[in-house]
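A quick write-up on the structure given underneath.
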Number of protein chains: 2
Amino acid sequence: MTVSITDVARAAGVSASTVSRALRGQPGVSDEVRAQITAVAAQLGYTASRSASSLASGRTYTIGVVVPYIGRWFFGTVLDAAEKVFSAAGYDVLLYNLNSPEARKRFFTKLPVRKRVDAVLSLLIPDLDEESALRSLGVPLATTVGGPRDGFTVVGIDDHSGATSAVRHLVNLGHRRIGMISGASEPLHWTTPIDRRQAYLDVLAEAGIAHEPALEADGGYTVDGGERAMTELLAVSRPPTAVFAQSDEMAMGALRALRRHRLKVPDDVSVVGFDDHELAEVIGLTTVAQPVPEQGAEAARLLLRRLEEPDAEPVGQVRMPIRLVLRETTAPPSPHRSS
Amino acid sequence: MTVSITDVARAAGVSASTVSRALRGQPGVSDEVRAQITAVAAQLGYTASRSASSLASGRTYTIGVVVPYIGRWFFGTVLDAAEKVFSAAGYDVLLYNLNSPEARKRFFTKLPVRKRVDAVLSLLIPDLDEESALRSLGVPLATTVGGPRDGFTVVGIDDHSGATSAVRHLVNLGHRRIGMISGASEPLHWTTPIDRRQAYLDVLAEAGIAHEPALEADGGYTVDGGERAMTELLAVSRPPTAVFAQSDEMAMGALRALRRHRLKVPDDVSVVGFDDHELAEVIGLTTVAQPVPEQGAEAARLLLRRLEEPDAEPVGQVRMPIRLVLRETTAPPSPHRSS
DNA sequence: CTGTTAGCGCGTTCAT
DNA sequence: ATGAACGCGCTAACAG
């Protein structure tokens with residue numbers, strides 16, 4: 001039925017070991033024999049069984065990638081870029097989509113990647129237990145978000161400085177009542193929302209603006225959540241004239257809420273997002289751009305390097321550049337609304 | 001180092017086969033022995049090596065999923081839903097992201113899934129050669145787009161009727177000059193753009209409107225392409241008063257082009273999309289909604305059923321319902337512009 | 001109900 | 001440069 005290495009060996013008139021060596025480009029095979037074997041293998045449509053070869057060699061040539069939710073643009077884009085790097089290097093990708101607490105728990109207790117992968121790239125932030133579960137795999141690890149963590153190569157951005165530039169932009173335009181839509185509800189070990197919030201607080205303080213807790217609302221990193229959060233912010237006694245959303249998706253939700261309230265953007269309310277989502281430009285959203293595919297690609301490359309050069313000192317953390325992109329959702333506050 | 005089945009067997013004072021049987025829930029093991037083995041295995045942190053077990057059993061408990069481009073919302077969403085079904089059933093997902101001609105070619109010539117998966121779900125439309133390459137794997141196959149194909153379970157929508165409702169909507173509003181932004185440039189075996197275009201032609205004919213080739217433009221299924229296509233359509237001598245975009249992403253590009261031309265939507269030009277993209281509602285885009293995650297989940301379920309009941313007659317094709325969602329980008333043509 | 005015996009298909013010695 | 005023998009960790013068939 002399926003053609004095995006001995007079939008090729010027989011057809012080529014050599015031994016199985018020679019076929020193995022020839023096909024993997026190892027030395028110790030004469031050029032003519034190698035060419036012959038390659039031809040026979042191609043003709044028979046032979047592919048080595050990954051199961052058998054990894055059982056024999058210990059190498060799986062497979063990378064486990066853990067994602068919190070593929071459907072979200074950010075993760076899809078990172079994954080896309082990372083997969084490209086892995087597959088170009090001859091590695092397969094085993095995908096684990098942990099978008100529910102059950103899926104997440106099942107993954108970390110059963111650890112189906114054990115003995116199945118050469119390395120793990122996690123796009124979700126593991127908590128302390130999950131972190132040590134991953135470490136117990138004994139393979140190189142990488143993450144694309146959050147702060148530095150033991151044993152992991154972390155590729156990310158400087159959230160604080162990104163958020164700083166967003167909020168400062170609003171301050172510079174003359175806004176004094178600046179709201180924030182955050183996404184802090186989730187795991188505690190995720191520093192991103194914390195850093196971005198801290199930047200918000202820091203810029204307000206630096207501008208001499210008193211912080212009002214009522215101007216903060218949680219949008220849970222979704223469009224719908226952003227809409228709800230904006231609605232909340234519009235319900236306070238003196239609503240903000242500008243809003244910093246910690247993600248573009250929440251910013252888009254905010255825009256929808258504003259439209260429903262018949263408020264003009266940016267005339268009545270300015271909005272800044274974070275990410276530079278693929279559709280941010282379509283909408284004309286001012287935002288903080290981060291290099292999303294680049295982060296995935298870089299994390300993948302660093303992981304592969306750790307596999308290829310096990311003895312080299314692993315890279316602990318990489319910070320990618322961010323930049324503010326000015327578009328059409330921010331403007332100075334209109335005179336009759338500013339304080 | 002890593003704990004194997006014999007370690008567990010020794011620690012539990014039984015043979016390896018008993019451990020194997022006990023852990024896989026097979027009959028022929030007394031309850032007490034099974035409980036004992038389970039406990040020992042848990043304590044040792046034992047997980048069976050997938051490589052070894054699939055080599056021995058022939059089953060891999062892995063599904064290969066082929067995607068043209070994960071970053072695109074549609075595919076990300078389908079994949080998300082499918083993965084959920086697979087992992088809940090105890091299957092792992094091997095992901096192949098074929099977003100470049102080279103990646104695609106490499107995949108279909110080397111077929112890295114050979115002997116590695118129990119089934120394949122392809123979200124891209126294979127051409128005839130690719131189709132037979134997949135069939136040569138000898139495993140159940142499924143697709144989530146396109147027409148029926150031999151040996152594949154196809155889960156999709158009725159593209160013709162979806163597009164019909166979109167174009168008819170424009171006709172009913174009173175439009176006579178209706179443009180189309182298509183995405184036909186890619187593989188020939190993909191029936192979606194063909195069906196949607198045919199519907200466009202049919203509705204025009206049925207309404208007694210002459211077809212003008214100049215009112216069709218290619219948007220390549222991307223936002224940028226949609227923008228270029230719309231720009232082309234605006235450059236013809238008598239531009240359309242309404243446009244049917246074959247995907248929401250192209251419709252969004254069209255909206256951007258219209259805004260750059262200072263044209264009002266829907267006052268000057270109406271736009272209908274196709275898909276009901278996550279952000280379509282944010283933008284207020286009128287569109288044809290298709291059940292995206294449902295298609296992925298259903299395809300996954302049908303594939304698993306074929307694995308579990310190999311003798312049952314496989315389902316050939318499933319058509320999911322579509323519906324027109326009216327929002328804010330369509331309206332009757334304004335008097336001074338309509339013909 | 002349990003243990004023994006054989007492979008699954010390859011990579012890897014060690015000879016030659 | 002090539003082949004023979006062994007083992008990776010597990011499951012399956014056969015005994016008992």
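Just so we're on the same page: letters track the sequence lines, and every chain starts at 1.
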### Query
To the nearest angstrom, how far is A/Ile5 atom CD1 from D/dA4 atom C1'?
14 Å
### Message
Rounded to whole Å, how long is the line connecting atom CD1 of A/Ile37 with atom C1' of D/dA1?
### Response
11 Å
### Query
Taking only N and O in the side chain of B/Arg24, is any of them less than 4.0 Å away from OP1 or OP2 of D/dA12?
yes
### Task
Figure out the CG/P separation between B/Asp31 and C/dC1, and round it to whole Å.
8 Å
### Task
Check whether more than 12 heavy atoms from other residues, nucleotides or ligands sit under 6.0 Å from atom CD of A/Glu308, and answer yes or no.
yes
### Query
What nucleotide among D/dG7, C/dG3, D/dG9 has an atom nearest to a side-chain atom of B/Thr18?
C/dG3
### Task
Whole angstrom is fine here: how far is it from CD in A/Gln26 over to C1' in C/dG11?
8 Å
### Query
So which nucleotide from D/dA12, C/dC10, C/dT2 ends up closest to the side chain of B/Val33?
C/dT2
### Task
Please say whether the positively charged group of B/Arg59, taken as NZ for Lys or CZ for Arg, lies over the ring of B/Tyr61, i.e. under 6.0 angstrom from the six-membered ring centre and within 45 degrees of the axis.
yes
### Message
Less than 4.0 angstrom between a side-chain N/O of B/Tyr46 and OP1 or OP2 of D/dC10, yes or no?
### Response
yes
### Query
Are side-chain N/O atoms of A/Arg72 and B/Thr77 paired as donor and acceptor at under 3.5 Å?
no
### Message
Under 4.0 Å, counting only non-hydrogen atoms across every strand here, what does B/Ser17 touch: a base, just sugar-phosphate, or nothing?
### Response
base
### Query
Between C/dT2 and B/Ser30, is there an OP1 or OP2 to side-chain N/O distance shorter than 4.0 Å?
yes
### Query
Whole-Å distance between D/dC10 P and B/Arg59 CZ?
19 Å
#### Entry: Whole angstrom value for the distance that separates C1' of C/dG11 from CZ of A/Arg21
10 Å
### Summary
Of the candidates C/dT2, D/dG3, D/dC10, the side chain of A/Val14 sits closest to D/dG3
### Query
Are any of B/Lys115's side-chain N or O atoms less than 4.0 Å away from OP1 or OP2 of C/dC8?
no
### Message
With a 4.0 Å limit, can you tell me whether B/Ser20 has a side-chain N or O closer than that to the phosphate oxygens OP1/OP2 of D/dT11?
### Response
yes
### Query
Starting at the 5' end of DNA chain C and moving along, which residue's nearest nucleotide shows up first, B/Ser57 or B/Arg34?
B/Arg34
#### Entry: B/Leu94 and B/Val117, any side-chain heavy atoms less than 4.5 Å apart
yes
### Message
Output the rounded distance in Å from CZ (B/Arg50) to P (D/dT11).
### Response
11 Å
### Query
Could you give the CG-to-C1' distance, from B/Asp7 to D/dC10, as a whole number of Å?
13 Å
### Query
Can the positive tip of B/Arg149 be found less than 6.0 Å from the middle of the six-membered ring of B/Phe152, inside 45° of the ring normal?
yes
### Message
As a test of reading the structure: which of D/dG9, D/dA4, C/dC10 is closest to the side chain of A/Ser15, going by heavy atoms?
### Response
D/dA4
### Summary
Ranking D/dT2, C/dG9, C/dG3 by distance to the side chain of A/Leu55, first place goes to C/dG9
### Task
Mind checking the CD1-CG spacing from A/Ile70 to B/Leu79? Nearest 0.5 Å is all I need.
4.0 Å
## Note on the structure
Against the side chain of A/Ser53, the closest entry in C/dG11, D/dA12, C/dC8 is C/dG11
